[in-house]
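The next block holds one structure in the form of C-alpha cells; read it before the comments.
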Amino acid sequence: MERFACSGGVARAPSQEEIEQFSRDESRYSLTTGILPSLGGRTARRAKLRPSIISPYDPRYRAWETFLVLLVFYNAWVSPFEFGFLDEPKGPLSIADNVVNGFFAIDIVLTFFVAYLDKATYLFIDSHKRIAWKYARSWLIFDVISTVPSELARKVLPAPLNVYGLFNMLRLWRLRRVGAMFARLEKDKNFSYFWVRCAKLICVTLFAVHCAGCFFYLIASDYPNPGRTWIGAAMSGFHQRSLQDRYVISIYWSITTLTSVGYGDLHAVNTREMVFEIFYMLFNLGLTAYLIGNMTNLVVHITSRTRQFRDTIQAASSFAQRNQLPVRLQDQMLAHLCLKFRTDSEGLQQQETIDSLPKAIRSSISHFLFYSLVDKAYLFRGVSYDLLFQLVSEMKAEYFPPKEDVILQNEAPTDFYILVTGAVELLVIRNGVEQVVGEAKPGDLIGEIGVLCYRPQLFTARTRRLSQLLRLNRTTFLNIVQANVGDGTIIMNNLLEKLKELNDPLMENVFLETKSMVARGRVDLPLSLCFATMRGDDSLLQQLLKRGLDPNESDKNGRTALHIAAASGNENCALLLLDYGADPNSRDSEGSAPLWEAMLNGHESMVTLLIDNGATTYCGDEGLFACTAAEQNNLKLLKEIARYGGNVTQPRSDGTTALHIAVCEGNMEMAEFLLDLGADIDKPDASGWTPRGLADQQAHEDIKALFLSRRESAGPVPEKQRPEVSSLGKYSSEPAMSRGLQDGLSADTGRAGRACPRRRTNTFHNSIFGVVSAAQTGETTELRLPVMDAATKCSKDGPSPAARVVISWPEKGDPEGKLVLLPASFQQMLELGFRRYGSLPAKVRNADNAEVDDVEVIRDGDRLVFCGGEIEVEEPSSGVAGGL
C-alpha cells in the first residue's frame, strides 16, 4: 500500500507502523469525513504526510479539538457577561480568561502544522508555505485578535473603545468550532440524532437569551438617568444590588421577551431600550421559527410511520368495502398491513436492510441465519455445499400473520417456501368445502411439488399462527440447479422418494404422474444418467443417451452409471450403457470398477455380461478388492478376483495385503490360498508389520506352522529375498559365503540361464517419456520390468554372474547408497531409481563423475550416483511388476 504526498512532498513507501496507524484512522473517520475515493481510483485521497505535518483526522488532534470546544462553551458564557456586567477585570475570572487564551494561542501555532484538503484536487497539502498562506488568508487575523488579553487591549485602544469586555466579544468568533462539533455528532452512529438536535437547539436558545440579557442590562447601566431605564423603573438603586440578582433579572426579561409573554413588569422605558427591543423581537421571529421548525421535523419523523399506517389501513378498508370483499379476505388484508407496520415500527425492516447491502454481505447473513435450516430440508438432502449456499443467498424471509393464505390451490407455481417458525395447515377444496389434509412444521417445504413438476399448486397453505417463511423464486431456483446437474438429480430423486413414502391416494397419483414426466424428459431439472440408472428406469436412460449424454459421465465421487447398474444388477441399463460406448473398466475415486461392484454384490449374470464386454479387475485397485474380500472372510469372492485376472497379493493404499487381514482373522484356508498364489509372508505394511510377525504376535500356531512348512518346502531362499553377497569377496565388510550356499547359487544360476528369453514388454510405457506422459494425462502407469533372475544376466553366450553396484542419490537424502545387482539394461537402471527414490533420475554418473548411458560400461563394484533434473511421478498403487 502506498500513499503519495503532493505539492512539494516526495512519494515514499510507508512503514508498517504508519500503515497500521493509517488503517486505524481510516476505519474511525472514513465514514464521517465525507472524503470519498475518486472514480477509478486515479487520485490518492490520503497522503503520506511529512513527519512534521499533522493529519486533521489524527485521533490526538481530534481530541485536542474536542478540548477546545469545551473552552469555547466557557467563552460563549463569559464574554457577554463581562461585556455587560463588569467594569474592570476580576481576579479569578481574569486569570481563567488568560489561561483559556493561552490554549487558543497554542492552537494558532499548531494550525501552521496541520495539513488541509485541497478542494480542487481532493489531496492533502503538507507544504508549510501553502498551509501558512491559506491560514493567513482565512482566519489567522481573527484568531490572533481574539487571543489578545483584555488588559492589554484596554491599554492600547483609545478611551471610547477601552470598555472592559468589548474586546472579549471578538472571542465569540470561536463559536464556529461548536457548529462543526454538532455537525460531526449528527453523523455519528454512536449518538442519537434526536437528542443531538435537541441539545443543539437548547444551546442556541440559551446563548441567545444570555447575550440579549447582558446587552439589555448594559444599555440600562450606561444610561445617564438610571431611573428612566427598564430595570431602574422597577428597582431603584439597582447598581447596589448584588451581581447575581441583576443577572437573574436580566435573564428573566430576556426569556419573557423571547417567548412573547412579558412586559407586564419589565419593559422598555427610554428610546435606546425600545430600539434594542425592536431588533431583539425581529431576531426572535427568526429564532422561534427555527426552533419550531426543527422540533416539528423531529416529532413528525417519529409519528410519520404511524400516520402512514393509519392512511394505509383507511385506504385498504375503503377498497375492501367499495369492492364488497369477503370478511375473511378483509381480515387477511388488514392483518398483513398491521404485521408490516409492526416490523417497521420495531426497527426490523429486515428485507429493506438486506437489500441495501452488497451481495457478499447479503450472502453471508443469509448463510448464518438460514443455512442450517435449509440443509435439513428433505429436498436438499445430499446436495453439494455450493448449491446450498447459492440457494440460501437467494431466499427471502417473510412474515405472515395468523389465518393468512401463503399459496392457493391451483395457482401458478411461481415460488415455494420453507417454514422457519410457526405452523401452516394444508387445505384442499372438495365439493366446495375446505378440508385440512396436513400440517407443515418448521423445516418443511410448501409448494415444492408444483415448482418442480410445473403443475398447479395442490394445496392451499394457510398459517395457523404468526409464521416466518423463506421464499425462493422458481426461476431463480431452476437457474441455479441448471448449473449443478448432479445436484439436480439428487433433488429430483429426493422428491420422488418423498412422494413414494407418503401414504395418500392424491400423492400416489402425483408420484405416478411425476415419474411419467421424468420418463418423458418433461421436467425442467437437469437429469443425469446416474439418476436414471439409480431408479432403474431404462426408458429414461435410453432417452438421455439418445440426447447425446456421455455414457461415461460420473458423479462427484467418480462413479459412472455403469458402476450403479453393476452394483444393482440392472442388466437392461448395463446393456444400454455398453451399447452406447460406456467403458466397462472405468474407475471411481476409490479405485472401484464395475466388475468389482457386480462381484461384491453377488450378481453373477452381471459379472458374465461385463466379462463378455471386456471388463477386468486389474483395471481397479486390486489390493482394495482383495482386502475387502479378506475382511468379509469371503474366500469365494477372493477366488473370483483371482479367476478374473486380479492379483490378490497386491497391497492397498496403506500397504496392507489380503494376507495381513487373513492372518488377523485367523483364516487358515484363506492364508493357504494366498500363499499358493505367491503372497509374501515378509512383506511389511505401513506400520512395519509382516504377515509372519502378525502370526507370531497373535499366536496363530496353525498359520505359523503353515508359514514354516512353506518356507521349508521352498528350499533355499531366492537371491532377491536375502542380502546380496558376492563370490568375489571384494568388500571386506561382507560375510563369508558358505560352500553350501555357493552350490545352491550355482544351481539356481543354471536354471536361470535356461530361462533367459524375456517376456516382451511395451517399451514406450516403460520409458521415461511414457511414464511422464501417463502422469500428465492421468493414466495409471505401471512399470513392468522384464522377468530376470536376480543372480544372472542374460547374454548371447548364455548366463554370466551378475555384477554388483552401489546406487545412491545424495539429492534425495541417500549419500551412502545401497548394494544392488546390476540391471540388464540402462532403462531398468532408471526404473530401479524410480522404485527406490520415487522419482526418475535424469542422469547416472560413476565415481569419476562421468555420465553413464549404457550398462555395458559398468563394471562389478562400481558406484553409481543418480542426479539432476528428476521428474516427480507418483508410483502406481499396484506397484512395479516384476523384480530385480
Side-chain angles (χ1 to χ4, degrees), residues 23 26-27 30-31 189 339-340 342-344 346-401 404 406-407 413-424 440-452 461 463 465-495 497-498 524-528 531 555-557 589:
S23 300
E26 188 74 17
S27 62
S30 60
L31 298 181
K189 63 181 180 62
L339 179 62
K340 188 176 186 305
R342 177 183 172 187
T343 57
D344 291 345
E346 291 178 357
L348 299 178
Q349 296 182 333
Q350 293 155 145
Q351 199 56 50
E352 292 82 356
T353 302
I354 293 176
D355 291 340
S356 64
L357 299 173
K359 182 173 179 57
I361 299 180
R362 295 201 308 267
S363 300
S364 299
I365 293 174
S366 300
H367 182 270
F368 175 77
L369 295 175
F370 307 125
Y371 181 86
S372 59
L373 176 73
V374 178
D375 185 36
K376 297 177 182 177
Y378 83 89
L379 194 64
F380 306 116
R381 192 178 301 122
V383 300
S384 65
Y385 173 83
D386 295 338
L387 176 76
L388 210 55
F389 186 88
Q390 296 172 36
L391 292 177
V392 170
S393 301
E394 298 297 333
M395 292 182 175
K396 301 183 183 301
E398 295 181 353
Y399 284 96
F400 291 87
E404 180 172 347
V406 180
I407 58 176
T414 57
D415 305 277
F416 70 93
Y417 300 83
I418 300 178
L419 183 60
V420 181
T421 58
V424 175
K441 298 179 180 179
D444 291 347
L445 282 89
I446 304 171
E448 79 282 6
I449 298 175
V451 168
L452 295 178
T463 58
R465 54 180 179 269
L466 178 63
S467 303
Q468 180 186 170
L469 295 97
L470 293 178
R471 177 173 59 86
L472 182 61
N473 181 262
R474 177 182 186 274
T475 303
T476 303
F477 170 73
L478 292 179
N479 288 339
I480 295 175
V481 176
Q482 287 289 346
N484 300 270
V485 178
D487 291 324
T489 297
I490 296 173
I491 290 174
M492 181 54 70
N493 189 62
N494 290 338
L495 175 66
E497 291 296 330
K498 183 68 174 181
D524 292 327
L525 286 179
L527 300 178
S528 65
F531 170 75
D555 60 12
K556 58 185 178 182
N557 297 319
S589 58

Query raised in the report: How many angstroms lie between CZ in Arg474 and CG in Asn479, if you round to the nearest 0.5 Å?
Result: 10.0 Å
Query raised in the report: Which atom pair, heavy atoms only, marks the closest approach of Tyr378 to Glu448?
Result: OH-OE2, 2.6 Å
Report summary line: The reported gap from CZ in Phe380 to OG in Ser384 (rounded to nearest 0.5 angstrom) is 11.5 Å
Report task. Please lay out, stage by stage, how Leu452 and Leu379 fare under the test side chain to side chain contact (heavy atoms under 4.5 Å, CB included). Result -> CA-CA 11 Å; Leu452 295 178; Leu379 194 64; 3.7 Å; yes
**Report entry** Side chain to side chain, Lys359 and Ser363, heavy atoms closer than 4.5 Å
**Finding:** yes
Report task. Anything under 30° is parallel, anything over 60° is perpendicular, the rest tilted; go ahead and classify Phe477 against Phe416. Result -> perpendicular
Requested in this report: Check whether any side-chain heavy atom of Ile491 sits under 4.5 Å from a side-chain heavy atom of Leu387, and report yes or no.
Outcome: yes
Report task. Classify the ring geometry between Tyr371 and Tyr385 as parallel (under 30°), tilted (30 to 60°) or perpendicular (over 60°). Result -> tilted
Query raised in the report: Which pair of heavy atoms, one from Val392 and one from Ser366, lies closest together, and at what distance?
Result: CG1-O, 3.2 Å
Query raised in the report: Which atom names give the shortest non-hydrogen contact between Leu466 and Pro401, and what distance separates them?
Result: CD1-CA, 4.2 Å
Query - Note, Val424 side chain near Tyr417 side chain (heavy atom, < 4.5 Å) - result: no
Query raised in the report: OH/Tyr399 to OG1/Thr463 distance, rounded to the nearest 0.5 angstrom?
Result: 14.0 Å
Query raised in the report: Which heavy-atom pair separates Ala397 from Gln468 by the least distance, and what is that distance?
Result: CB-OE1, 3.8 Å
Report summary line: When rounded to the nearest 0.5 Å, the distance separating OG1 of Thr475 from CD1 of Ile480 is 11.0 Å
**Report entry** Close side-chain approach of Val481 and Asp487, heavy atoms under 4.5 Å
**Finding:** no
Query raised in the report: Taking all non-hydrogen atoms of both residues, which atom of Gly447 and which atom of Ile407 are closest, and how far apart?
Result: CA-CD1, 4.0 Å
Query - Spatial distance of atom CE (Met395) from atom CG (Asp415) [nearest 0.5 Å] - result: 11.5 Å
Report task. Please examine the side chains of Val451 and Leu472, heavy atoms only from C-beta on, and report whether any two atoms are closer than 4.5 Å. Result -> no
Query raised in the report: In terms of side-chain geometry, is the basic nitrogen of Arg362 or Glu394 positioned less than 4.0 Å from the acidic oxygen of its partner?
Result: no
Query raised in the report: Any donor-acceptor pair under 3.5 Å linking the side chain of Ser467 with the backbone of Phe400?
Result: no
Query - Rounded distance (nearest 0.5 Å) linking atom CZ of Arg381 with atom CD of Glu497 - result: 10.0 Å
Report task. Could you check if a side-chain atom of Ile418 sits within less than 4.5 angstrom of a side-chain atom of Leu373, using non-hydrogen atoms only? Result -> yes
Requested in this report: Considering non-hydrogen atoms only, spot the tightest contact between Ala461 and Ile446 and give its length.
Outcome: CB-CG2, 3.6 Å
